[in-house]
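Notes follow the structure.
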Amino acid sequence: MSRMVTIISTMETQVSNGPSGTSLPNGPVISTNGATDDSKTNLIVNYLPQNMTQEEFKSLFGSIGEIESCKLVRDKITGQSLGYGFVNYVDPNDADKAINTLNGLKLQTKTIKVSYARPSSASIRDANLYVSGLPKTMTQKDMEQLFSQYGRIITSRILVDQVTAGISRGVGFIRFDKRNEAEEAIKGLNGQKPLGAAEPITVKFANNPSQKTGQALLTQLYQTAARRYTGPLHHQTQRFSLIPPFGKGPDPNNSTKPILDNLLNASYGVKSSPSLLPRFSPITIDSMTSLAGVNLTGPTGAGWCIFVYNLSPEADESVLWQLFGPFGAVTNVKVIRDFTTNKCKGFGFVTMTNYDEAAMAIASLNGYRLGDRVLQVSFKTSKQHKA
DNA sequence: TACGATT
């Protein structure tokens, strides 16, 4: 029912860690009691797009290496994604690779976070605090400094005004590693004035976000629908920041307020890198159809297959996720490689669920310069290209 | 230079 309850149930499905372990070369750590130690293979992924499915989630992380198990965490009642999930790889090296290549990946309006999952434990439940009345001048670092005396901070965030983009709302979140640390912080800081502050702050446990009112659910549905139209336009300004090195920016604790966060992220998209907008032109759907050449284009299986040409020999799947993910639901990416050299043969394919998002991705990415190459992007045709 | 499928 509540978000935290779902976390608990999810984490209980993860194999618990044994008291001691033996590291096998290139394999799982087996403890003396037979349990596996997932600490080097099990990842938590935060800030996933609301509409990402379990299948897309698995496809994205499966492109890195063999997955032992993965789970997109959903609300028990509504089935809606809670915006995070777990991936447990077979090989610790793949877990490391996933962090290095997928952390900071921009998918639609979100920047995903990929990190090692903490071991499952009841003591890490309900450790998220809501803080209000903060001085507007207080930064995230300031806030962390204030709270860090009570324990290890996992995430922190100060909410900012959407319009003025950057002005603190005096409200923030602090997630501690342990619930008892959060309790101590409440005792120590609730009703207290930070040094130099005029007003006392309020510190309490954060609400569980899935305890939504009917109205809130309707609002969320509306947001989801609206994003299908406005989202890709916002993405235009973001796509130039997609190219490696992948973003390792601040880590907004946006899991607690998905609706607000969508708005916040959308506004970020609009304001970012306005000078890097150059070559998008609003090609219409009709002209896109002719761009595809013939009527061989169509939803093949589940989605629209896109042909991407002029990839470098070093291109890999993560590049395609980087490029196309911001435009909408991507279900599959594939880099075609030479069987013997394992180098990319210069092209690949991307499958996207929705036509309008696929069309927008093509319109935006065809002609896009990736390194020293200019990509050619179109709907896949069923026959070999002729002249 | 151009449309896979080594799961």
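Below, chain A is the first sequence line, B the second, and so on; all start at residue 1. These figures come from a predicted structure and were not determined experimentally.
- The pair A/Lys334-A/Glu317 fails the salt-bridge criterion, with no side-chain N (NZ, NE, NH1 or NH2) lying under 4.0 Å from an Asp/Glu carboxylate O.
- Nucleotide B/dG4 holds its P atom 21 Å from the CG atom of A/Asp316, rounded to whole Å.
- Rounding to whole angstrom units, CG of residue A/Leu311 and P of B/dA2 are separated by 14 Å.
- In this structure, CZ of A/Arg337 is placed 14 Å from C1' of B/dA5, rounded to the nearest angstrom.
- In this structure, CG of A/Asn366 is placed 17 Å from P of B/dA2, rounded to the nearest angstrom.
- Proximity note for A/Thr381 (side chain, C-beta onward) versus B/dC3, B/dA2, B/dT1: the nearest is B/dC3.
- Rounded to a whole Å, the CD1 atom of A/Ile336 is 14 Å from the C1' atom of B/dT7.
- Atom-to-atom, NZ of A/Lys345 to P of B/dA2 comes out at 11 Å; the value is rounded to the nearest Å.
- If you measure from atom NZ of A/Lys58 to atom P of B/dT7, you get 14 Å, rounded to the nearest angstrom.
- Under the side-chain hydrogen bond (donor to acceptor under 3.5 Å, both in side chains) criterion, the residue pairs touching residues 180-192 of chain A are A/Glu184-A/Lys187, with sequence neighbours excluded.
- Distances from the side chain of A/Gln376 to the nucleotides B/dT7, B/dA2, B/dC3 place B/dA2 closest.
- Of the listed nucleotides (B/dT7, B/dT1, B/dA2), B/dT1 has the atom at the smallest distance from the side chain of A/Asn310.
- In terms of heavy atoms, A/Ser318 sits closest to A/Asp316 at OG-OD1, 2.9 Å.
- Looking at residues two or more places apart in sequence or on another chain, you find no side chain to side chain donor-acceptor pair (under 3.5 Å) involving A/Ser148.
- The side chain of A/Phe347 approaches B/dC3 more closely than any other nucleotide in the set B/dT6, B/dT1, B/dC3.
- Of the options A/Asn88, A/Asp91, A/Asp96, a side-chain hydrogen bond (donor to acceptor under 3.5 Å, both in side chains) to A/Thr41 is made by A/Asn88 and by none of the others.
- Between the P atom of B/dT7 and the CD atom of A/Glu55 lies a distance of 20 Å, rounded to the nearest Å.
- Nearest-nucleotide positions on DNA chain B for A/Arg373 and A/Phe339 put A/Arg373 closer to the 5' end.
- Stacking is found between A/Phe349 and the pyrimidine-like six-membered ring of the B/dG4 base under the 5.5 Å centre-distance and 30° plane-angle cut-offs.
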